[in-house]
Amino acid sequence: MTFVPYDRPVRAAFIGLGRIYDLNVRAYLGSPDVEVVALVDPSEERRAQRQPDWPAARTFASAAELASSGISVDAAEVLLPAPLHADGVVEMLGYGWHLNMQKPMCNDLSEAQRMLDAAKASQRILRVMDNYLFYEPLHKLKAAAQSGEIGEVAGYHMKMTGSGLGGWDVPVSSFMWQLEQMQRGRGILVFDDGWHKLSTALWLFGPVREVRAWIGNTHVGPGVDIDAPATIVWEHDNGVRGVWEITLAMDMYLRSDYYTNDERWEITGSKGYARVNRCTGRGIQQPSLEVYADGLMRGYHALDDDWASSFRDSGRHWLRWLRTGVGPLSWSGEEAVDVLRLALAAYASSASGGAGVNPSHLS
Ligand SMILES: NC(=O)c1ccc[n+]([C@@H]2O[C@H](COP(=O)([O-])OP(=O)(O)OC[C@H]3O[C@@H](n4cnc5c(N)ncnc54)[C@H](O)[C@@H]3O)[C@@H](O)[C@H]2O)c1
């Protein structure tokens with residue numbers, strides 16, 4: 001499709017004003033590229049809570065009410081509960097809005113196709129944001145791997161520990177739809193938060209040709225099952241292998257301004273390694289990136305390693321993109337389907353006892 005950039009600030013609406021609004025909003029506050037014209041959420045409490053951020057914006061209980069209000073909207077920031085993504089996105093593309101939606105895109109390939117078809121039919125842009133791709137330490141990690149300073153890339157490792165103590169409050173209502181997702185086999189660690197890890201794998205080393213997985217389950221309470229321990233390994237088309245281990249540590253306190261997720265990315269090269277020590281939480285109190293080569297360890301002490309900054313930069317990239325049409329969307333709808341395929345390949349492999357699955361062969 002031909003996209004014509006806006007020669008004026010984009011008129012935007014927030015759809016969903018829950019927990020993650022607190023971080024997505026950072027891109028919009030103070031941006032010259034946008035005018036926020038509407039706030040949508042069925043919760044009156046949420047609408048009242050967010051209105052002071054945008055005193056001139058009108059509030060609505062549903063996207064349909066906004067669409068029939070006569071207010072002109074160019075683009076929406078879609079922060080809906082994941083189970084509502086597919087239907088919500090199809091509906092809003094039908095209103096003629098460009099969409100920047102939160103991950104996970106949706107739960108299966110048929111929903112994804114429905115969303116891509118709707119974008120095509122309406123000639124609108126569907127972006128599935130991934131803030132991790134805008135986290136400065138991960139950018140420097142990628143640059144370290146590409147620069148040759150650690151030699152030829154030999155493999156990499158990602159670690160993620162979900163801990164039960166610390167961090168910001170997550171309202172029970174935000175957790176309720178996660179329970180629904182768990183019951184559909186789309187767990188909170190592998191699929192919801194894990195979406196980002198799979199996304200960084202594709203972003204770092206490109207397409208994946210084989211995935212092998214062993215996804216476990218920990219029953220932590222009535223109706224609450226967490227998809228850990230889990231181990232997922234894969235091989236990229238370029239031959240680089242990755243491994244991702246997911247662990248649950250219910251009683252571990254993790255200092256965090258956000259979720260209690262202790263994360264690591266480590267790329268091993270033929271003559272050294274580069275490692276991101278933390279992201280969402282403040283686990284390891286060393287520089288967020290360390291690069292070891294030739295007997296020397298270099299620590300990056302001055303990176304913008306506040307996880308919230310990645311939301312700001314991802315959102316600003318989108319708003320700028322709407323004004324210029326320049327650069328990759330990170331991710332387009334089609335690229336997000338590759339992330340979905342990677343997750344679905346992990347599930348298929350685990351269900352078959354760990355057999356290798358090619359994500360592109362899934363239908
Ligand atoms: N990028 C990240 O790291 C990250 C982190 C957390 C959440 N998320 C994603 O963000 C999305 C939202 O998560 P959250 O934690 O903010 O959830 P939440 O439950 O806190 O917020 C969702 C909001 O949507 C509202 N809502 C429900 N139905 C609606 C409708 N039909 N129209 C408009 N609003 C509606 C709810 O009232 C609620 O206020 C999910 O897709 C989640 O996976 C991403």
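Along the sequence shown, the residues carry numbers beginning at 1. We count ligands from 1, going down the list as the structure has it; atoms in each ligand are counted the same way. Remember, predicted model here, so these are calculated numbers, not experimental data.
Listed by chain and number, residues touching ligand 1 at under 4.0 Å (heavy atoms only) are I15, G16, L17, G18, R19, I20, V40, D41, P42, R46, L79, L80, P81, A82, L84, H85, Q102, K103, P104, N131, S174, W177, D192, H196, Y259, W307, F311.
Using a cutoff of 4.0 Å between basic side-chain nitrogens and carboxylate oxygens, R11 and D74 are not scored as salt-bridged. Taking 4.0 Å as the cut-off between side-chain N and carboxylate O, D22 and R26 do not count as a salt-bridged pair. Classification of D305 and R278 as a salt-bridged pair holds, one side-chain N sitting under 4.0 Å from a carboxylate O.
Among residue pairs with one or both ends in residues 231-245, those qualifying as salt bridge (charged side-chain N to carboxylate O under 4.0 Å, His left out) are R209-E235, E235-R241; sequence neighbours excluded.
Using modelled atom types, one finds a donor on one side chain and an acceptor on the other under 3.5 Å when comparing S314 with R127. In summary, the side chains of S256 and W168 do not present any donor paired with an acceptor at a separation below 3.5 Å, with no hydrogens or angles considered.
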